[in-house]
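Note on naming: letters A, B, ... go to the chains in the order of the sequence lines (proteins, then strands), and numbering restarts at 1 for each one.
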Amino acid sequence: MSNAIALLDCNNFYASCERVFDARLKEKPVVVLSNNDGCVIARSDEAKAIGVTMGSPLFKVLDLLETHDAEIFSSNYALYGDMSLRVMNLLHNFTPEVEIYSIDEAFLNLEPRKNSLDNLAHSIREKMYKWTGIPVSIGIAETKVLAKIANKRAKKGELREKGVLNLYRSDKTEPILKETLVQDVWGIGYRSTLKLKANNILTAWQLREMDNRFARRLLTVVGARIALELRGIKCLPFEQVQTKKHSITCSRSFGQTVTNYIQIKEAILYFLTRACEKMRKHNLAANAITVFISTDRFRPVPEPYTNSATYSSTYPTDSNQEIQEWTIKTLERIYKKGFDYRKAGIILSGLVPNENLTTRMFDDEKFQQQHKLMKAIDEINQKFGKDTVRFGSVKTEASWKMKQTRKSQSYTTNWNEILTVS
DNA sequence: TCTGGGGTCCTAGGACCC
DNA sequence: TCTGGGGTCCTAGGACCC
């Protein structure tokens with residue numbers, strides 16, 4: 001018998017994290033904002049109930065939130081990352097086969113012993129709440145795509161209280177697929193929905209029943225796989241080992257528009273510093289960098305301009321100095337005078353392990369020295385705080401800095417901000 | 001005034017080789 | 001330069017996810 005797949009999803013994860021450490025927030029609407037305090041990216045049930053929608057710009061819902069005495073937070077990724085780690089680690093107490101899919105979701109590969117799936121799911125849910133304070137929902141089915149649907153359903157209506165729905169070999173699957181709209185199927189986005197609707201395919205059940213060659217022609221192999229998964233045929237592999245990173249991005253919308261080259265360059269080099277730190281933390285080196293800049297998406301001045309360019313090198317490196325040179329060359333190719341820029345970023349790609357990098361034909365000694373220097377700088381900054389040591393060309397305070405005026409404390413990751421009990 | 005950021009996978013098309 | 005099929009590798013762009 002083929003294994004059952006369970007999807008565990010933390011309810012309203014960021015909002016729930018904030019709640020764990022602040023008793024005041026119980027039964028109050030809570031929302032968490034994106035970077036720059038721009039959009040709502042997480043909502044407690046109470047916030048959903050008063051009509052705050054996912055992704056709404058804060059300025060559009062601020063009145064509503066204040067009327068209902070809601071609590072508003074800037075995102076605190078250190079806190080959420082740490083809470084995620086706790087949840088994921090605990091899962092291994094229940095089953096060895098865990099695939100961490102995102103910060104708040106994991107797939108479990110379960111042997112379908114009779115009547116035990118439901119019990120196991122309920123037990124995970126209860127213990128997870130007791131141990132971490134995070135409420136979770138669990139959906140179970142034959143495949144990942146079906147488990148996603150079961151999970152979504154487990155959060156709805158009467159099932160919400162129980163938080164578990166098991167569709168593995170269940171006769172409830174068919175009626176549920178008939179009620180599920182095609183745009184609510186995992187992997188079917190806006191574009192695919194339009195194509196499916198044009199062909200009169202509106203429900204998950206109709207997608208399941210599609211001729212597979214037609215599905216492939218309309219939606220490529222991606223869509224064809226989803227259709228098969230809906231039939232209970234596993235097409236998406238269960239991946240326990242974390243696959244290696246392929247790219248590292250750092251980008252921001254600016255607090256205000258930036259016009260001059262010097263400031264754009266400062267911002268870009270700041271992003272580069274952050275991305276390189278992350279890269280070395282994962283023991284990686286890059287051989288390519290992409291730089292992109294863009295005018296305001298909503299109010300472009302004088303007209304829309306977005307551009308990007310990539311620099312590829314023969315040798316991968318993990319040295320800031322070297323990548324900085326690539327970056328500046330690349331930025332010069334796309335920067336145009338006379339535009340008000342609102343967003344910029346960089347992507348490091350061609351990532352390889354940074355141990356035993358190929359010996360260079362020229363300047364190898366210089367490169368090895370830089371490699372060691374970077375290691376030393378990272379260690380100092382780790383110990384004494386971000387940017388204690390930095391390159392002279394990299395500024396830390398500037399007009400493009402992020403707005404974050406509503407951040408909670410780093411309860412779990414910073415000794416100075418640990419929870420106080422009185 | 002105010003509208004996020006970080007990823008992956010797939011495909012088509014170009015460059016190049018035999 | 002043309003004639004031809006078959007193959008790989010790379011990149012830009014599209015689509016989707018959390």
Side-chain angles (χ1 to χ4, degrees), chain A residues 7-14 31-42 52-63 65 72-77 80-81 84 100-107 144-145 148 151-152 182-196 216-226 235-237 239 242-257 271 274-275 278-279 282 287-288 290 292 294-300 306-312 342-351 402-406:
Chain A
L7 173 65
L8 173 138
D9 188 316
C10 300
N11 298 350
N12 318 328
F13 185 54
Y14 298 167
V31 301
V32 177
L33 306 175
S34 61
N35 281 330
N36 271 326
D37 290 350
C39 299
V40 173
I41 55 168
V52 180
T53 52
M54 185 67 173
S56 0
L58 177 61
F59 72 92
K60 283 191 182 165
V61 291
L62 192 55
D63 282 348
L65 289 166
I72 306 171
F73 291 93
S74 302
S75 35
N76 183 345
Y77 289 106
Y80 313 147
S84 171
I100 297 169
Y101 175 71
S102 75
I103 193 161
D104 69 336
E105 280 171 86
F107 288 105
K144 286 183 169 181
V145 170
K148 271 270 181 185
N151 183 287
K152 214 173 222 182
V182 89
Q183 59 263 41
D184 295 330
V185 175
W186 188 41
I188 302 296
Y190 178 70
R191 294 281 160 186
S192 302
T193 301
L194 290 184
K195 289 181 194 165
L196 289 165
R216 198 192 157 112
R217 212 174 336 127
L218 198 65
L219 308 173
T220 80
V221 289
V222 182
R225 285 202 278 248
I226 292 169
C235 297
L236 306 174
E239 290 169 308
Q242 284 281 36
T243 45
K244 296 175 295 179
K245 272 189 180 304
H246 297 129
S247 67
I248 293 171
T249 305
C250 186
S251 72
R252 294 282 181 282
S253 296
F254 304 142
Q256 44 191 280
T257 55
F271 301 151
R274 295 283 86 83
K278 192 170 180 182
M279 176 172 76
H282 287 87
N287 76 4
T290 301
F292 59 89
S294 158
T295 48
D296 195 319
R297 195 154 53 107
F298 301 95
R299 277 171 292 278
T306 73
N307 206 350
S308 73
T310 301
Y311 180 95
S312 303
R342 193 74 202 205
K343 183 176 176 162
I346 60 107
I347 304 168
L348 295 171
S349 55
L351 300 180
M402 254 198 334
K403 270 187 293 185
Q404 272 210 326
T405 56
R406 302 163 187 269

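Between the C1' atoms of dA15(C) and dT1(B), the separation comes to 33 Å (whole Å). Taking atom P on both dC2(C) and dC16(B), the two are 15 Å apart, rounded to the nearest angstrom.
Heavy atoms of Ile248(A) sit under 4.0 angstrom from primed sugar atoms or phosphate atoms, though from no base atom. Nucleic acid contact for Lys148(A): sugar-phosphate only, since backbone atoms but no base atoms lie under 4.0 Å from a heavy atom of the residue. Residue contacts shown for Ser192(A) are limited to sugar-phosphate atoms, with no base heavy atom under 4.0 Å away. Ile103(A) comes within 4.0 angstrom of no nucleic acid atom, judged by non-hydrogen atoms across all strands. Among the protein residues, Val185(A) comes within range of the sugar-phosphate backbone only, with heavy atoms under 4.0 Å from sugar or phosphate atoms but none that close to a base. When heavy atoms are screened at a 4.0 angstrom cut-off, Asp37(A) is found touching no nucleic acid atom at all. Counting any heavy atom pair closer than 4.0 Å across all strands shown, Lys245(A) reaches sugar-phosphate atoms only and no base atom. Residue-level contact check: Arg299(A) touches the bases, meaning some heavy atom is under 4.0 Å from a base atom.
Using a 4.0 Å cutoff to heavy atoms of chain A, the contacted part of DNA chain C runs 5' to 3' from dT11(C) to dC18(C).
Between Ser253(A) and Asn36(A), the closest heavy-atom pair is O-ND2, 2.7 Å. Residues Ser247(A) and Ile347(A) come closest through the heavy atom pair CB-CG2, 3.9 Å.
The closest side-chain heavy-atom distance from Lys244(A) to Leu351(A) is not below 4.5 Å. Side-chain contact between Tyr77(A) and Asn35(A) is present, with heavy atoms from C-beta onward closer than 4.5 Å. The shortest side-chain heavy-atom distance between Arg216(A) and Val221(A) falls under the 4.5 Å cut-off. Within the 4.5 Å cutoff, the side chain of Leu58(A) has heavy atoms near those of the Leu65(A) side chain.
Helical stems of DNA chain B (runs of at least 3 Watson-Crick or G-U pairs, donor-acceptor distances under 3.5 Å) are listed by first residue: B:5-18 with C:5-18.
Between the side chains of Asn76(A) and Ser74(A), no donor-acceptor pair of N or O atoms lies under 3.5 Å.
Put simply, CZ on Phe107(A) and CG on Asp9(A) are 9.5 Å apart, with the number rounded to the nearest 0.5 Å.
When each of Arg225(A) and Cys250(A) is assigned the nucleotide of DNA chain B bearing its nearest heavy atom, the one mapping closer to the 5' terminus is Cys250(A). Nearest-nucleotide assignment on DNA chain B puts the 5′-proximal partner with Gly38(A), out of Thr220(A) and Gly38(A).
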- Verdict with reasoning, Asp104(A) to Ser102(A), per side chain to side chain donor-acceptor pair (under 3.5 Å): CA-CA 5 Å; Asp104(A) 69 336; Ser102(A) 75; 3.0 Å; yes
